[in-house]
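Written out below as structure tokens is the structure these notes cover.
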Protein chains: 2
Amino acid sequence: MATTNGGNGPTSGDGLANGSTPGNRLPASDPAAEVRTAPTTEVRGGRAQPKTDKSEQTRALILETAMRLFQERGYDKTTMRAIAAEAGVSVGNAYYYFESKEFLIQGFYDRMTYEHAADARARMAGRKDFAERLEIALTSWIDCAVEYHEFAAQFFRTAADPTSSLSPFSNESHPARTTAVELFSEVLTGSELAPKLDSELAELLPDLLWLHLMIVVLYWVFDRTPDTERTREFVRRSTPMAARIINLSRYRVFRPIVRDAKDLIQDFILPTIGRTARP
Amino acid sequence: MATTNGGNGPTSGDGLANGSTPGNRLPASDPAAEVRTAPTTEVRGGRAQPKTDKSEQTRALILETAMRLFQERGYDKTTMRAIAAEAGVSVGNAYYYFESKEFLIQGFYDRMTYEHAADARARMAGRKDFAERLEIALTSWIDCAVEYHEFAAQFFRTAADPTSSLSPFSNESHPARTTAVELFSEVLTGSELAPKLDSELAELLPDLLWLHLMIVVLYWVFDRTPDTERTREFVRRSTPMAARIINLSRYRVFRPIVRDAKDLIQDFILPTIGRTARP
DNA sequence: CCGCCGACTTGAACGCGTTCAGCGGTGTCG
DNA sequence: CGACACCGCTGAACGCGTTCAAGTCGGCGG
């Protein structure tokens, strides 16, 4: 559960028709969007389940304030005291709603993931070439992430910590991860490549493409070129190759190695990144 | 963080980042050996270049004490005050020799890397099969790392931080990285596969195999099975595949894709992990 | 109306990593 | 010999993330 996002039913065929006008709205604010809470009990960013309306408001206020300050000053230079002061509450109150400072980052990540999915879907609309769709999806991520590049390191450190429940690797029900994997599922199903693949591979691919994104993210975090141009070029170069490899995998000659790779991925990679065993 | 050098002595200051000698000698042999300083100027774990014999001793004492406490109590529970007290010095003194607490980790990493190289070489001796040699090298790493698994997360967080000069990704002259890449170079050259490969690929491979190790490390950090048995199995399964792919790459059919991959790696992967452009 | 419960809020206090003004000692130069 | 520079070293102090005993307040049963 937890995702409950804008109703992307898996049954919706090619879900590209829906919502998000190509206007490319990046609602940098519009507090309602990501604050919009899963209505029932959910672990959420941090702590207590909201009981009151006021509680929910306070929580949102703290999160919004934190996100604003993070963007203005960067993560390290934003103190919990500053967040509390700016939000007009006490420090302790922030800790009532968020387990730690790092849990506030999740707000960023969730918002970005959501915006990315919407933006990528809009941009992919109509395109049928798989490599092209993949490139759009990845480039779209870079565009959505551009404003957060400065403090991305902090987020990445968090993701690399296996003891942190914030890591998209160790937390299989991480809502942002689910959203992202769904997007890549659409990258595939919307392409002309999808019907040509055997179903077993088609099942693996969304997660693998998400892994591709993770590699891009890794690259992007370390990228210091202006506008992360190098990462963009990396995407332009790596996506056709990915498409080619997938394409080739259909041929007889590669059967044994494809099978081995598939087994390796299915048995050792996917379970580790939060996919339960094969169905 | 803390990048602002307090600026004591604007002229002398801390002369970090000054020319590191190309001296490629691999120091260290026994446990006490990596403490032994590079005789000339080198950036070292943290701060000032040693001038005195006594200085060097104090530095070693602090490092050894820290490493012992880290292993006894874990990283987070070991305070700088405890390290200083246990070593019989003041807190400020520890910071005189080490830029921050994290810089103390490098002692761990350096030691482990060296032990790994020695152990792997010993175990590989006589073996000619490439896949076998690779598996030995990777498994040896797991064996050497076993005692550090508990606080490996901390090290991994550090490695994932692009702003940290401790990251083996962002610091190309990281001595531990050099040592490791050299080992993988021997993995290849000692095998019967080496003479069959074209020289261009043979040049890339050591770094790529090091990347393989990094993936194993990533897997290992998240591995919670006893004795990290799952990672060991992952190594057993992935090494033959790597060998097979390398082997296949020699055949005509794969020319185009191998060429693309080679270019991608050479232009985008290796430079980012600290290899300067192609020679 | 009282009393109590529990969600919500507070801010002083704690422990931590890190900094910094400064101390002694050992040259070195004039 | 005095002045100075500089290395090694000190420990109080700073700012931070985080905790917690102690509130406030609204609602509900009695």
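Each chain gets a letter, A, B and so on, in the order its sequence line appears, and its residues count up from 1. Keep in mind the model is a prediction, meaning the values are calculated, not measured.
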Worksheet item: Is the shortest side-chain N/O distance from A/Ser55 to OP1 or OP2 of C/dC8 below 4.0 Å?
Response: yes
Discussion item. Under 3.5 Å, is there a donor on one side chain and an acceptor on the other for B/Ser167 and B/Asp161?
Written reply: no
Worksheet item: Between B/Glu99 (CD) and C/dT19 (C1'), how many Å, whole number?
Response: 13 Å
Worksheet item: Taking OH from A/Tyr97 and P from D/dT18, how many angstroms apart are they, rounded to a whole number?
Response: 18 Å
Item to complete: Check every strand shown and say whether A/Val89 touches a base, only sugar-phosphate, or nothing at a heavy-atom separation below 4.0 Å.
Response: sugar-phosphate
Worksheet item: Out of B/Thr225, B/Asp143, B/Thr139, which one pairs with B/Arg232 under the side-chain hydrogen bond (donor to acceptor under 3.5 Å, both in side chains) rule?
Response: B/Asp143
Item to complete: Verify the contact: side-chain N or O of A/Asn93 to OP1 or OP2 of C/dT10, cut-off strictly under 4.0 Å; return yes or no.
Response: yes
Fill in: Distance test, side-chain N/O of A/Thr58 to OP1/OP2 of C/dC8, below 4.0 Å
no
Practice prompt. May I ask you to check if B/Lys101 and B/Tyr95 form a cation-pi contact, with NZ or CZ under 6.0 angstrom from the six-membered ring centre and within 45° of the axis?
Written response: no
Worksheet entry | Side chain B/Arg81 and base C/dG17 donor-acceptor under 3.5 Å | yes
Worksheet item: Tell me: OH of A/Tyr95 to C1' of C/dG11, nearest whole Å?
Response: 14 Å
Worksheet item: Salt bridge check: are B/Arg157 and A/Glu102 linked by an N-O gap of less than 4.0 Å?
Response: yes
Worksheet item: From the list C/dT9, C/dC16, C/dT18, which nucleotide is the closest neighbour of the side chain of A/Ser90?
Response: C/dT9
Worksheet item: Less than 4.5 Å apart, any side-chain heavy atom of B/Gln154 and any of B/Phe70?
Response: no
Worksheet item: When the distance from CD of A/Glu102 to P of D/dC16 is rounded to whole Å, what number comes out?
Response: 17 Å
Fill in: Protein-nucleotide distance (A/Tyr96, atom OH; D/dA21, atom P), rounded to Å
16 Å
Worksheet, complete the sentence: Result for 5'-nearest mapping on DNA chain D, choosing between A/Met80 and B/Lys54, is B/Lys54
Worksheet item: Once you round it to whole Å, what is the distance between P of D/dG15 and NZ of A/Lys77?
Response: 16 Å
Discussion item. Just the rounded figure in Å: distance from P of D/dG8 to CD of B/Gln57.
Written reply: 12 Å
Worksheet item: A/Lys101 NZ to C/dG17 C1': how many Å, rounded?
Response: 14 Å
